[in-house]
Number of protein chains: 2
Amino acid sequence: MTLNVAAVTVDLVLLTIRQGTLQVLLVRRGIEPYLSRWALPGGFVHDDEDLDAAAIRELREETGVDSSAGHLEQLATYGAPGRDPRGRVITVAYLALLPDLPAPVAGSDAAHAEWRPVDEPELAFDHDRILADGVERARAKLEYTPLATAFCAREFTVADLRGVYETVWRTKLDPRNFHRKVTTAEGFVEPTGHSVTRDRGRPAQLFRRGPATLLHPPLLRP
Amino acid sequence: MTLNVAAVTVDLVLLTIRQGTLQVLLVRRGIEPYLSRWALPGGFVHDDEDLDAAAIRELREETGVDSSAGHLEQLATYGAPGRDPRGRVITVAYLALLPDLPAPVAGSDAAHAEWRPVDEPELAFDHDRILADGVERARAKLEYTPLATAFCAREFTVADLRGVYETVWRTKLDPRNFHRKVTTAEGFVEPTGHSVTRDRGRPAQLFRRGPATLLHPPLLRP
DNA sequence: GCAAAAGTGTTGTATCTACACCCATGC
DNA sequence: GCATGGGTGTAGATACAACACTTTTGC
């Protein structure tokens with residue numbers, strides 16, 4: 001009756017913003033079960049490895065990205081008996097928020113990986129559910145943390161940051177009020193002193209992420 | 001190198017409020033390792049059992065309490081290689097918020113279980129860390145959800161609910177403003193029509209928890 | 001009556017929303 | 001000049017903290 005052992009995997013919900021939409025890194029399965037279906041990237045935890053370390057390793061293997069560039073946190077753990085037909089598998093899911101990677105994914109594992117919209121349906125296993133949980137976590141965290149900056153490059157404009165909120169929340173925000181909110185919130189962003197002209201119009205100041213870990217008061221969804 | 005299998009346990013952080021302090025249910029270990037140290041209650045996941053189901057079962061075994069009385073949610077998963085000296089153990093921790101149980105814990109497993117203050121130090125394994133994570137989650141969730149009601153009996157006064165906030169947050173709140181906030185927040189509490197006189201003073205109205213799952217706007221920590 | 005707890009009213013302050021308006025650039 | 005996006009000012013609405021004040025009980 002007691003389950004003595006189970007396989008343990010770490011799967012990643014890697015989110016980024018590309019072409020104005022929220023996208024997730026998925027891999028095409030090359031073997032049964034769920035052959036040729038999209039799945040979250042992931043793999044087995046090593047013998048001498050902590051769960052966080054496994055997630056950091058998988059992130060590097062899949063994207064070539066150092067975990068310090070964006071944000072990585074444990075999401076939740078999934079272990080329903082029938083979720084993998086090959087046997088009992090416990091999956092610890094991690095959520096990462098990443099900037100649009102300038103370098104193409106170069107690693108060997110990433111050859112078959114692709115950025116897809118987060119509403120991609122019919123993923124392998126229970127990955128639909130895991131992805132939905134990850135997206136909802138990201139949406140909620142933008143409200144009361146400065147994590148939206150994890151989607152931006154090292155230096156970004158207020159409009160870039162507003163684009164993150166608008167994309168993740170699927171809403172439009174008032175540019176004027178958003179600007180004030182972000183620049184006056186203690187520790188959210190810091191001016192770099194530089195500025196850029198993106199398309200046309202007045203040049204925008206560049207910012208980098210500030211030291212705050214919580215937004216006080218929060219930036220609530222409309 | 002690859003870890004093929006690990007033991008999987010579900011451990012519970014059961015929080016309640018007794019005698020005006022936040023307390024956690026702990027058990028004295030009867031075997032090595034960590035013999036006679038306090039530990040979080042928990043046990044192995046069964047062969048045909050989902051993780052949530054295992055948590056609900058453990059809750060019933062330890063407290064005799066039905067999970068519908070309070071609140072139960074997954075907290076986080078812990079799997080550092082050396083955390084259990086007997087081998088690789090992955091622990092999925094659950095957090096429960098419970099009312100002060102009127103019936104004594106009757107189950108057989110609960111014989112050695114005891115309510116202890118949440119600052120109890122030197123727990124077995126990495127249970128200090130798990131407990132701290134659970135307490136912090138509870139503190140944060142009181143801000144933006146109506147979960148404080150999970151610590152209360154089915155019917156409660158506004159003062160009871162305020163006591164929950166004051167105990168969990170270790171702060172004093174203004175009774176007048178708190179009363180207004182709680183009774184005007186949409187769906188937080190519903191009047192039952194009854195009232196009680198607790199000690200002396202004017203009788204207080206009784207309420208039950210409302211249908212809301214989020215507090216909008218939140219009740220922020222001072 | 002007095003103490004104690006429940007509950008309401010009010011006032012000043014912070015924050016949000018909506019929008020008028022000015023600024024700096026490309027063409 | 002004119003379009004475009006960046007950024008500031010301001011008025012009304014909403015929420016909050018602080019606290020005076022009234023209500024209803026036990027003794």
Side-chain angles (χ1 to χ4, degrees), chain A residues 20 142-144 146 148 152-153 155-167 169 171-208 212 214-222, chain B residues 20 142-144 146 148 152-153 155-167 169 171-208 212 214-222:
Chain A
L142 292 205
E143 292 197 319
Y144 55 93
C152 297
E155 298 202 346
F156 52 87
T157 67
V158 174
D160 293 336
L161 191 60
R162 177 164 49 86
V164 169
Y165 278 91
E166 293 182 336
T167 302
W169 285 351
T171 53
K172 282 290 171 195
L173 299 174
D174 185 299
R176 288 84 52 104
N177 293 334
F178 183 84
H179 185 279
R180 203 188 340 253
K181 178 82 183 159
V182 162
T183 51
T184 60
E186 192 68 24
F188 192 173
V189 296
E190 290 176 342
T192 63
H194 311 141
S195 62
V196 281
T197 306
R198 277 270 197 273
D199 193 15
R200 358 169 217 291
R202 174 173 169 180
Q205 287 177 256
L206 284 169
F207 295 85
R208 57 176 155 265
L214 261 87
L215 246 41
H216 229 69
L219 215 162
L220 299 173
R221 276 180 269 193
Chain B
L142 292 205
E143 291 198 318
Y144 54 93
C152 296
E155 298 202 348
F156 52 87
T157 67
V158 174
D160 293 336
L161 191 60
R162 177 165 50 84
V164 169
Y165 278 91
E166 292 182 335
T167 302
W169 284 350
T171 53
K172 282 291 172 195
L173 299 174
D174 185 300
R176 286 84 51 103
N177 292 333
F178 184 84
H179 185 280
R180 203 187 342 253
K181 179 82 182 158
V182 162
T183 51
T184 61
E186 192 70 23
F188 193 175
V189 297
E190 290 176 341
T192 63
H194 312 141
S195 61
V196 281
T197 305
R198 278 271 195 273
D199 193 15
R200 25 181 189 280
R202 174 174 169 178
Q205 288 177 255
L206 284 169
F207 294 85
R208 55 175 155 263
L214 260 85
L215 246 41
H216 228 69
L219 215 160
L220 300 174
R221 275 179 270 193

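Lettering follows sequence order; numbering is per chain, from 1.
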_Without decimals, in angstroms, what is the distance between A/F207 CZ and D/dG6 C1'?_
11 Å
*Where chain B begins and ends its contact with DNA chain C, read 5' to 3' at 4.0 Å from heavy atoms*: C/dA4 to C/dT10
*Looking at DNA chain D, which of residues 215-222 of chain B put a heavy atom within less than 4.0 Å of it?*
B/P217, B/P218
_Set of residues satisfying ring-ring contact (aromatic ring centres under 6.0 Å, His included) with respect to A/Y144, sequence neighbours excluded_ = B/Y144
_Once side-chain contact (heavy atoms from CB on, under 4.5 Å) is applied, do any residues pair with A/A153, and if so which ones, sequence neighbours excluded?_
none
*Are B/R198 and B/D160 side-chain neighbours, meaning at least one heavy-atom pair lies under 4.5 Å?*
yes
*Give, for atom CG of B/L214 and atom CG of A/L220, the distance between the pair rounded to the nearest 0.5 Å.*
10.0 Å
*Over how many whole Å does the gap from A/L173 atom CG to D/dG6 atom P extend?*
14 Å
*Nucleotide by nucleotide, 5' to 3', does protein get under 4.0 Å of the base (B), only the sugar-phosphate (S), or neither (-) in nucleotides 18-27 of chain D, counting heavy atoms?*
BBBB-BBBS-
_Any donor-acceptor N/O pair, A/E186 side chain to A/A212 backbone, under 3.5 Å_ = no
*Would you give the length of the straight line joining atom CG of A/D174 to atom NE2 of A/H179, rounded to the nearest 0.5 angstrom?*
12.0 Å
*asked:* If you compare all heavy atoms of A/V189 against all heavy atoms of A/T183, which two are closest, and at what distance to 0.1 Å?
replied: CG2-CA, 4.5 Å
_Using only atom types and a distance under 3.5 Å, with no angle test, would you say the side chain of B/Y165 pairs donor to acceptor with the backbone of B/L142?_
yes
*asked:* Strictly below 4.0 Å: does B/K181 bring a side-chain N or O up to OP1 or OP2 of D/dA15?
replied: no
*If you measure from CZ on B/R162 to NZ on B/K172, what distance do you get to the nearest 0.5 Å?*
7.5 Å
*Those residues that, when tested against A/E190, pass side-chain contact (heavy atoms from CB on, under 4.5 Å) (two or more places apart)*: A/R208, A/P211
